[in-house]
Trainee: 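I'd like to ask some things about the structure below.
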Amino acid sequence: MRSVAHLEQLLNLVEVIIVIGESDSGLSNKPGASLEQQSGSENTTQDAQVTADAIGSAAEEGVKSVKAKDSEKASTSRADNVNSTSDILLSIPEGELQLLCSLLAREGLSDNAYVLLAVVLKMMVASAPTYCRLFTTELVNAARSLSACAMNELNLYEDAEKALLSSSSTNGTAILRVLQALSSLVAGLHEKDPDVLPEKGHTDALSHVWGINAALEPLWLELSNCISKIEISSETPSDMVSISGNLASTSTSVVPPLPVGAQNILPYIEAFFVTCEKLRPGQCEAVQDFATTSDIEEATTPACGQKSSGACTSTDEKHVVFVRFLEKHRKLLNSFIRQNPGLLEKSFSLMLKVPRFIDFDNKRAHFRSKIRHQHDHHHSPVRISVRRAYILEDSYNQLRMRSPQDLKGKLTVHFQGEEGIDAGGLTREWYQLLSRVIFDKGALLFTTVGNESTFQPNPNSVYQTEHLSYFKFVGRVVGKALFDGQLLDVHFTRSFYKHILGVKVTYHDIEAVDPDYYKNLKWMLENDISDVLDLTFSMDADEEKLILYERAEVTDCELIPGGRNIRVTEENKHEYVDRVAEHLLTTAIRPQIIAFMEGFNDLIYQDLISIFNDKELELLISGLPDIDLDDLRANTEYSGYSNASPVIQWFWEVVQGFSKEDKARFLQFVTGTSKVPLEGFSALQGISGSQRFQIHKAYGSPHHLPSAHTCFNQLDLPEYTSKEQLQERLLLAIHEANEGFGFG
């Protein structure tokens with residue numbers, strides 16, 4: 001105990017010397033107060049004592065030097081100060097520094113000692129760059145040595161379930177500490193001035209670090225096998241209810257426990273994340289690139305295509321080890337996050353670059369946590385007083401001139417001429433009444449399309465005075481509702497949710513506006529149009545007027561400069577379809593979108609909202625609906641099946657067992673929105689008016705996924721051979737499907 005405490009004191013002393021020596025350059029990074037100390041093994045204690053004595057000698061010399069410098073004239077240059085600190089550190093014997101690095105790989109020190117070790121190593125390299133290679137070499141060797149022991153430990157876990165119950169991971173925590181310290185040094189190398197550390201030293205140090213990846217590959221493979229073993233052994237019949245582990249999204253707030261023994265392998269998983277994020281050259285950028293391209297990949301999937309989830313995966317993804325790991329072990333990783341949401345902000349933060357592997361309830365918890373952090377800044381309350389008959393005008397006039405920071409305060413509403421203190425109920429009523437007025441057709445701001453239950457900006461809003469200022473106000477209202485955790489009874493078109501998220505719209509989104517025009521574009525892409533169609537890169541007024549909802553005045557337009565003189569050919573037809581989609585769904589309402597987003601981003605930052613997809617954003621804004629499945633079943637029509645067909649019986653049993661979130665996803669999948677008609681499902685609307693839910697028999701392979709046509713509220717259901725197969729296929733479709741499965 002004395003040796004560990006002595007080591008901590010001397011590490012603190014070394015840190016003080018470095019800080020004083022580097023004070024002019026701002027190198028001060030003091031960690032927090034000491035944590036509870038732990039007694040270590042005899043060997044670790046002895047090594048700590050030896051190391052402490054060696055460092056202590058150099059540190060004492062450092063203290064004398066610092067005191068001497070304090071008595072010198074103030075004209076002593078910063079360069080002399082830094083060089084003096086470097087000389088002090090270079091006087092420490094190399095063997096003792098090697099031993100210092102090795103302590104990170106051993107058990108027996110206090111948590112604070114481990115933290116200090118890593119901090120001091122980084123600061124020593126900053127002051128004495130020649131130590132960079134020594135430290136990276138020692139840490140890489142320590143990681144290699146630990147990986148062999150770790151393999152044995154994971155083998156034990158994999159072969160004997162009792163081992164998971166009766167032991168904790170010592171090798172896992174040790175390798176995590178070493179890799180974290182190594183990643184800290186690598187981060188310093190990237191920040192290092194090339195004049196301070198010679199190019200060769202910099203390159204040698206980095207090549208040493210990159211070399212550890214090949215040595216650790218077998219460990220990560222064994223880790224994956226061990227996780228699979230845990231997942232298989234922990235599966236129960238109830239697990240099949242949600243393949244993504246969204247059990248926490250049900251009405252209960254109880255978080256399900258982790259699988260038995262899973263906690264023991266968490267340090268290994270965290271170590272794997274550290275390696276992927278910090279110790280693989282270009283890995284983090286590759287993950288980010290995949291996150292960007294995967295949206296495009298999904299968006300270009302053929303409509304209503306019958307493809308498995310694997311077929312929807314980008315080729316690039318298969319070359320990213322990290323993404324393959326996420327895909328394979330998504331369920332357990334989300335269980336860890338559910339138990340400890342802070343993981344997403346710390347060791348699991350790289351998952352935020354590929355958010356489609358994070359379950360909605362975990363994304364929502366992360367979102368709320370970030371918002372709460374902004375609430376903690378104690379903004380002044382936002383008080384408004386409005387007249388019910390003029391709720392839009394009064395709210396607009398009182399909120400539009402407020403700064404974004406002002407709007408983050410607690411909202412308090414007073415209805416003029418009425419008594420009562422707003423304890424939350426009046427605010428909820430204000431959101432409800434205001435949204436009704438905003439989305440009323442008479443306001444000219446938004447219009448319904450398709451099934452008449454989803455909204456997007458009205459191209460004719462120009463006839464509303466100050467219409468763009470109103471759109472900015474509406475963006476603020478929607479953003480404020482999300483910021484305050486309030487739900488809005490409004491549902492947007494799929495393309496407008498994409499605009500909010502900054503995701504590119506595609507021709508699939510036209511289906512919700514004009515199914516026939518969408519079919520024409522789809523036919524173009526799937527067939528050879530050589531000498532068949534006489535089209536140019538332009539759109540005539542009559543065609544645009546017909547498609548763009550209720551727009552009264554339009555003019556001929558070119559989709560690209562000189563488009564009237566550029567013919568659409570087999571070679572450029574994909575660009576033509578993209579340009580048409582962009583023009584119809586974006587260009588026609590671009591000013592309104594920009595104004596809305598300006599107001600929305602005043603309260604909700606784009607990088608925070610972008611972790612959601614369009615369907616999840618609808619659930620975040622509007623909440624999870626209460627779906628009466630008995631009412632839906634009573635208003636369902638069948639084609640190729642009957643109510644008595646075994647597949648139909650299985651279907652309703654499966655859907656009945658869905659969590660509340662999965663029921664909402666199912667409704668989104670078949671109708672395009674999670675909105676439940678006020679009059680019940682007998683009043684469900686389609687593209688041509690009243691249209692009940694339909695289940696059609698999908699002919700072909702029973703291995704295909706279900707597909708949907710949202711404009712007709714139609715589900716195409718293959719004739720599966722078992723209830724279990726139907727359940728697995730349907731869940732996969734509603735969780736993973738994008739436009740390729742009928743999301744119009």
Side-chain angles (χ1 to χ4, degrees), residues 105 142-180 211-236 239-240 242-245 256-280 283 286-287 290 308-310 313 317-340 343 347-348 350-351 354 357-359 728 732:
R144 289 176 183 272
S145 177
L146 283 169
S147 67
C149 299
M151 287 278 290
N152 293 332
E153 186 172 86
L154 289 175
N155 270 315
L156 180 65
Y157 289 162
E158 188 179 349
D159 295 337
E161 189 173 328
K162 290 182 179 179
L164 284 167
L165 299 173
S166 59
S167 64
S168 60
S169 174
T170 56
N171 291 302
T173 52
I175 201 168
L176 174 60
R177 284 194 302 267
V178 169
L179 292 175
Q180 285 175 331
I212 192 63
N213 288 293
L216 293 178
E217 284 301 328
L219 176 61
W220 307 141
L221 180 61
E222 190 60 40
L223 171 62
S224 182
N225 293 337
C226 189
I227 295 175
S228 297
K229 175 83 172 182
I230 292 173
E231 290 173 332
I232 292 172
S233 63
S234 66
E235 279 186 356
T236 63
D239 288 333
M240 291 298 295
S242 178
I243 60 172
S244 292
L258 289 169
V260 174
Q263 199 66 44
N264 288 346
I265 63 170
L266 179 58
Y268 286 110
I269 297 174
E270 292 180 283
F272 172 73
F273 273 65
V274 170
T275 304
C276 289
E277 185 171 11
K278 305 288 179 60
L279 303 179
R280 289 181 185 271
Q283 172 75 45
V287 170
F290 166 72
S308 67
S309 59
T313 304
E317 176 183 3
K318 293 306 179 184
H319 297 292
V320 181
V321 173
F322 175 72
V323 176
R324 290 206 308 267
F325 186 88
L326 292 189
E327 185 174 40
K328 185 175 182 181
H329 303 300
R330 169 178 179 168
K331 183 174 180 179
L332 184 62
L333 293 174
N334 277 281
S335 295
F336 277 122
I337 297 169
R338 205 164 280 120
Q339 287 282 338
N340 181 8
L343 286 172
S347 54
F348 282 20
L350 191 57
M351 287 185 72
V354 204
F357 293 112
I358 307 174
D359 291 344
E728 185 268 334
L732 183 59

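All residue numbers in this chain count up from 1 along the given sequence.
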Trainee: Output, in order, the C-alpha distance, side-chain angles, deciding distance and verdict of side-chain contact (heavy atoms from CB on, under 4.5 Å) for F357 and V323.
Mentor: CA-CA 9 Å; F357 293 112; V323 176; 3.7 Å; yes
Trainee: How about C276 and L350: do any of their side-chain heavy atoms sit closer than 4.5 Å?
Mentor: yes
Trainee: Please find the pair of heavy atoms, one from L154 and one from E222, that lie closest to each other, and give the distance.
Mentor: CB-CG, 3.7 Å
Trainee: Taking all heavy atoms of A271 and all of I175, pick out the closest pair and write down the distance.
Mentor: CB-CG2, 4.1 Å
Trainee: Taking C-beta and beyond as the side chain, do Y268 and N171 meet within less than 4.5 Å on heavy atoms?
Mentor: yes
Trainee: Under 4.0 Å between a side-chain nitrogen and a carboxylate oxygen: does that hold for R338 and D359?
Mentor: yes
Trainee: Considering non-hydrogen atoms only, spot the tightest contact between P257 and Q339 and give its length.
Mentor: CA-NE2, 3.5 Å
Trainee: Determine the minimum heavy-atom distance between L332 and A262, stating which atoms define it.
Mentor: CD1-CB, 4.1 Å
Trainee: Can you tell me how far the CD atom of E153 sits from the SG atom of C226, to the nearest 0.5 Å?
Mentor: 9.5 Å
Trainee: Checking the side chain of S228 only, and the main-chain atoms of S224 only, is there a donor and an acceptor separated by less than 3.5 Å?
Mentor: yes
Trainee: How long is the gap from CG on L216 to CG on N213, to the nearest 0.5 Å?
Mentor: 6.5 Å
Trainee: Do F273 and L333 make a side-chain contact, defined as non-hydrogen atoms from C-beta onward lying under 4.5 Å apart?
Mentor: yes
Trainee: Looking at T275, V321, I269, which hits side-chain contact (heavy atoms from CB on, under 4.5 Å) with W220?
Mentor: T275
Trainee: Give, for atom CG of L179 and atom CG of L279, the distance between the pair rounded to the nearest 0.5 Å.
Mentor: 6.0 Å
Trainee: For residues R330 and I358, report the shortest heavy-atom separation together with the two atoms involved.
Mentor: NH2-O, 4.2 Å
Trainee: Can you check whether R144's main-chain N or O pairs, donor with acceptor, with S147's side chain at less than 3.5 Å?
Mentor: yes
Trainee: What is the distance from atom CG of N340 to atom CD of Q263, rounded to the nearest 0.5 Å?
Mentor: 8.5 Å
Trainee: Please report the interatomic distance NZ(K331) to CD1(I230), rounded to the nearest 0.5 Å.
Mentor: 13.0 Å
Trainee: From the options H329, K328, E327, select the one residue that forms a side-chain contact (heavy atoms from CB on, under 4.5 Å) with F325.
Mentor: H329
Trainee: Calculate, to the nearest 0.5 Å, the distance between atoms CG and CG belonging to L266 and L343 respectively.
Mentor: 6.0 Å
Trainee: Please name the pair of heavy atoms, one in A174 and one in A105, separated by the smallest distance, quoted to 0.1 Å.
Mentor: CB-O, 3.7 Å
Trainee: Angle between ring planes, F348 versus F336, binned at 30° and 60°: parallel, tilted or perpendicular?
Mentor: perpendicular
